[in-house]
Amino acid sequence: MIYAEALMVTILVFIGGFCSYTDIRDGIVPNKVILFGFLLGCAIHGIYLLCGAAEYYPSWLINMAIADIAAFGMFFVKMWAAGDAKLFMLLYFLTPPRIFDSGTLTHSVVPYIFIFVPALFWMAVDSMVRLIRKEARIHQKISIKEIITGSVSVIIETTAFYCVWTCLFPNFVNQQAMLVAALTFVYAYVCGSVDAMKRWYAVALHAAVVIIMLIIGKWSITFPEWQDYLLMLFVVFFQRFCAMYNYQLIPTGMVKRGMILSMETVMLFRASRVKGLPNDLSEELTARISEEEANAVRRWGKSAFGKPNIWIVRKVPFAIMIFIGFVGWIGFRVLGR
C-alpha cells in the first residue's frame, strides 16, 4: 500500500511541477498532461484498492467532491482559469486517501488554505518590490464611503447566511465548523462581487432575515473584539495595496497571445480603423487575446491613433500556487500523523 501511495505522490509532484512550468512559460496547463495524469491515477487507485484501502475511500470521495465543486465554482466566476481548476481536481485525485480523517469534511477546505496563504504572501511581496522599484501603476481613487457601506452590506448578508445555516442545520454547523466558515467566506465574496447583492433590496432582505432570527431567538447580537476590527481593517488595506499593481504597462510591440488588455486600452481601439482589434472590456479570463488580435494590436501601435505603451492585466501564474499548496498539505499531513 505504501508503494502505491508513494507512486501517487511522485506522479502528483511530476505533473504539478510540469504544469507549473508550462503555466509560467506559456500561460497554459496542457490538457494532454491532465488526461495522462488522470489515467495513471486510475490505474494506481485500482492497485491501491486491491491492497485493502477501500475503507479510506468514502471520506476521500466526499471531501474531493466538495473541493472539486468549489474549484469549478471558481472557474465559473472566473477566479481561476479552466486549466487551474482541472489541475486542482487532478492533484486532489492523486492525493492518497489514507491521509484523510474519517467523519470530517475539513479536508475539502484545508487544501485551499495551503494554496491561498502562499499566494497572498507572494502578491504582497511582489507588490512591495514593484513599489520600491517605482514601477508605473494606474492610480485608482479610494472612496471611504464605498468601503464602509460595502463592508456593512457584506456583514449583514453574511450574518443572515450564517443565521439560516445555524437555524436549519445546527448539528452540521457544530461538527463542520471549518466548512461552514469557508462557505460563509465564499458567500461574502459573492455579496461583494455581484452587483445584484449590493442593491438596497438585497441588503434589506438579508437584514429582515437577521431581525426574524433575533425575534425567534435563533441569534443574538454580538460584537467582535477590537482585534477583529483591526483584522478587518488590515484585510481592506491589504487588498487595496495588492490591487495597486493589478495592471502592467508594456510596450505595444511586446503584446502576445494570451494577454488580457485593460478596459482603458480596449476603449482606445474604438477610434481606430485597424481590423481585428480586441473588443472585450471585461478584463476577465475570457478576454485573453488570440494571436490574430495580438498582431492587430501591434499594427495599431504603429498607426495614427496608436500608443507606444499599453496597460495589460497582470496574470498570476496560479498553477504553481496550487502545486505548492498540495505539496505543503500532503507534507503537513504525513509529518503530522
Taking 4.0 angstrom as the limit, do Arg299 and Glu293 come out as a salt bridge?
no
Does a salt bridge link Lys86 with Asp68, judged by any charged N lying under 4.0 Å from a carboxylate O?
no
State, with a plain yes or no, whether a side-chain heavy atom of [X] is found less than 4.5 Å away from one of [Y].
X	Y	answer
Thr252	Arg298	no
Leu105	Ile62	yes
Val110	Trp329	yes
Ile330	Thr95	yes
Phe323	Cys19	no
Val117	Phe121	no

Are [X] and [Y] close enough that their ring centers fall under 6.0 Å?
X	Y	value
Trp60	Tyr57	yes
Phe38	Phe93	yes
Trp80	Phe72	no

With side-chain contact (heavy atoms from CB on, under 4.5 Å) as the criterion, how do Leu90 and Ile15 come out once you've worked through the C-alpha distance, each side chain's angles and the decisive distance to 0.1 Å?
CA-CA 9 Å; Leu90 175 63; Ile15 291 180; 3.8 Å; yes
Can you confirm whether more than 12 heavy atoms, excluding those of Phe116, are under 6.0 Å from its CZ atom?
yes
Ring pair (Phe, Tyr, Trp, His ring centres under 6.0 Å) contacts in which one or both residues fall within residues 5-35, not counting sequence neighbours:
none
Hey, could you give me each pair passing ring pair (Phe, Tyr, Trp, His ring centres under 6.0 Å) that has a residue in residues 276-296? Not counting sequence neighbours.
none
Please table the atom pairs, donor to acceptor, closer than 3.5 Å between any side-chain atom in residues 163-174 and protein atoms at least two apart or in another chain.
| from | atom 1 | to | atom 2 | distance (Å) |
| --- | --- | --- | --- | --- |
| Thr166 | OG1 | Tyr162 | O | 2.8 |
| Asn174 | ND2 | Pro170 | O | 3.2 |

ring-ring contact (aromatic ring centres under 6.0 Å, His included) partners for Tyr112, two or more places apart
Phe88
Output, in order, the C-alpha distance, side-chain angles, deciding distance and verdict of ring pair (Phe, Tyr, Trp, His ring centres under 6.0 Å) for Phe100 and Tyr56.
CA-CA 7 Å; Phe100 287 67; Tyr56 304 111; 10.0 Å; no
Identify every side-chain donor-acceptor pair in residues 177-187 under 3.5 Å, counting partners at least two apart or on other chains, and give the distances.
| from | atom 1 | to | atom 2 | distance (Å) |
| --- | --- | --- | --- | --- |
| Thr184 | OG1 | Val180 | O | 2.8 |
| Tyr187 | OH | His206 | NE2 | 2.7 |

side-chain contact (heavy atoms from CB on, under 4.5 Å) partners of Lys307, counting only residues at least two apart:
Leu268, Trp300
Using side-chain contact (heavy atoms from CB on, under 4.5 Å), reason through Leu277 and Ser272 one step at a time and then give a plain yes or no.
CA-CA 9 Å; Leu277 289 168; Ser272 175; 3.9 Å; yes
